[in-house]
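Take a look at the structure set out below.
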Number of protein chains: 2
Amino acid sequence: MPCDKSCPIEHTVNLIGHKWKVLILRNLFNNGTQRFSDLSKGISKISQKMLTQQLRQLEVDGIIYRKVYPEVPPKVEYSLTALGNSLKPILDEMNSWGIEHLKQSQLDQHNNE
Amino acid sequence: MPCDKSCPIEHTVNLIGHKWKVLILRNLFNNGTQRFSDLSKGISKISQKMLTQQLRQLEVDGIIYRKVYPEVPPKVEYSLTALGNSLKPILDEMNSWGIEHLKQSQLDQHNNE
DNA sequence: CTGGATCCTGATGGATACTG
DNA sequence: CAGTATCCATCAGGATCCAG
């Protein structure tokens, strides 16, 4: 079973198979609608360029919605679309797995001291 | 809730938040133990260098196991460890989501013709 | 012949400075 | 505030080379 264009996992990976995208989604799931600066603060170490880039891609792919308020100072809000919300089970599984194995990896680290 | 070092999702993403890693795991889940060349054929468009690199990282992180048979011609088998197997729910969710939305994106494509 | 290391080149990511 | 623009470091792909 080769992993070609019709592979469901490949399709999913093409949309959210990127470290920063997952973290952006995490932020939107946890905190709801977020402004650019909220995301910037909420995701440690992401550069503005990367944040902009990934937000644009998520928007093009119909996963998030970008609402611009035509005012000064500028205000832009990002929120999940229905498609974006449908990704929640995946994020939930990643969260559960992380909780479980963060414990383990912290123990490992402790044992190595 | 900032996304710092103790964020479960960030931990998960740090281990498998890479396109090729997910596809490698997909291959191992679907086909069981695989040789280097099996993975190379099963994952369309991955370069040998990238495959080697990602396999090494997955091995270091304890997600896959690498068994070398000291024979000619060389033979190396990759399989999932217990930790690797515990990632199955995540892959399953990605698969389900992909199945659901591959339909949609194919319809969209059809409508644009 | 398989698995993978190396080299070179083009693409991508990060840090900073600047703008509407 | 929400991005661009710029420059530089690192990474990815392709071809080739090598050891068992």
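Hydrogens, waters and symmetry mates are skipped; everything else that's a heavy atom, side chains included, is used. Chain letters run A, B, ... following the sequence lines, proteins first and then strands; every chain starts at 1.
- B:V68 meets the side chain to side chain contact (heavy atoms under 4.5 Å, CB included) test with B:R66, B:V76; sequence neighbours excluded.
- When side chains are defined from C-beta on, B:K19 counts as touching A:N14, because their heavy atoms get closer than 4.5 Å.
- Bracketed by its first and final contacts, the part of DNA chain C lying under 4.0 Å from non-hydrogen atoms of chain B reaches from C:dC1 to C:dC7 in 5' to 3' order.
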Could you go over nucleotides 10-15 of chain D and give all protein N or O partners under 3.5 Å, atom names and distances?
residue	atom	partner	partner atom	Å
D:dA12	OP2	B:Q53	OE1	3.2
D:dG13	N7	B:K49	NZ	2.9
D:dG13	O6	B:K49	NZ	2.2

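- Minimum interatomic distance between B:S44 and A:E10 (heavy atoms only, all atoms of both residues): OG-OE2, 4.3 Å.
- Close to D:dA2, at under 4.0 Å from its OP1 or OP2, lies a side-chain N or O of A:S37.
- Taking every heavy atom of both residues into account, B:D38 and B:N27 meet most closely at O-OD1, 4.5 Å.
- Screening residues 45-62 of chain A for side chain to side chain donor-acceptor pair (under 3.5 Å), with sequence neighbours left out, gives A:K21-A:Q57.
- Residue pairs satisfying the ring pair (Phe, Tyr, Trp, His ring centres under 6.0 Å) criterion with at least one member in residues 50-97 of chain B, sequence neighbours excluded, are listed as follows: B:W97-B:H101.
- For A:D92, the side-chain hydrogen bond (donor to acceptor under 3.5 Å, both in side chains) partners are A:K88, not counting sequence neighbours.
- Against DNA chain D, the stretch residues 55-77 of chain A makes heavy-atom approaches under 4.0 Å through A:R56, A:R66, A:P73, A:P74, A:K75, A:V76.
- Going from atom CG of A:L39 over to atom C1' of D:dA2 covers 12 Å, rounded to whole Å.
- Base pairing in DNA chain C gives the following stems of 3 or more Watson-Crick or G-U pairs, range against range and under 3.5 Å: C:1-20 with D:1-20.
- Residue A:R35 has no polar side-chain atom (N or O) positioned under 4.0 Å from OP1 or OP2 of D:dC1.
- Note that CG of A:L80 and CD1 of A:I63 are 9.0 Å apart. Values are rounded to the nearest 0.5 Å.
- Put simply, the side chain of A:T33 never gets that close to the backbone of A:S79: no donor and acceptor are under 3.5 Å apart.
- Residues satisfying the side chain to side chain contact (heavy atoms under 4.5 Å, CB included) test with A:S37, not counting sequence neighbours, are A:R35, A:K41.
- Taking all atoms of both residues into account, the shortest heavy-atom contact from B:I9 to A:L23 is CG2-CD2, 4.2 Å.
- No donor-acceptor pair under 3.5 Å is formed between the side chain of B:N95 and the backbone N or O of B:L91.
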Determine whether A:L25 and A:I16 satisfy the following criterion, side chain to side chain contact (heavy atoms under 4.5 Å, CB included), listing intermediate values before the conclusion.
CA-CA 9 Å; A:L25 293 176; A:I16 59 161; 3.8 Å; yes

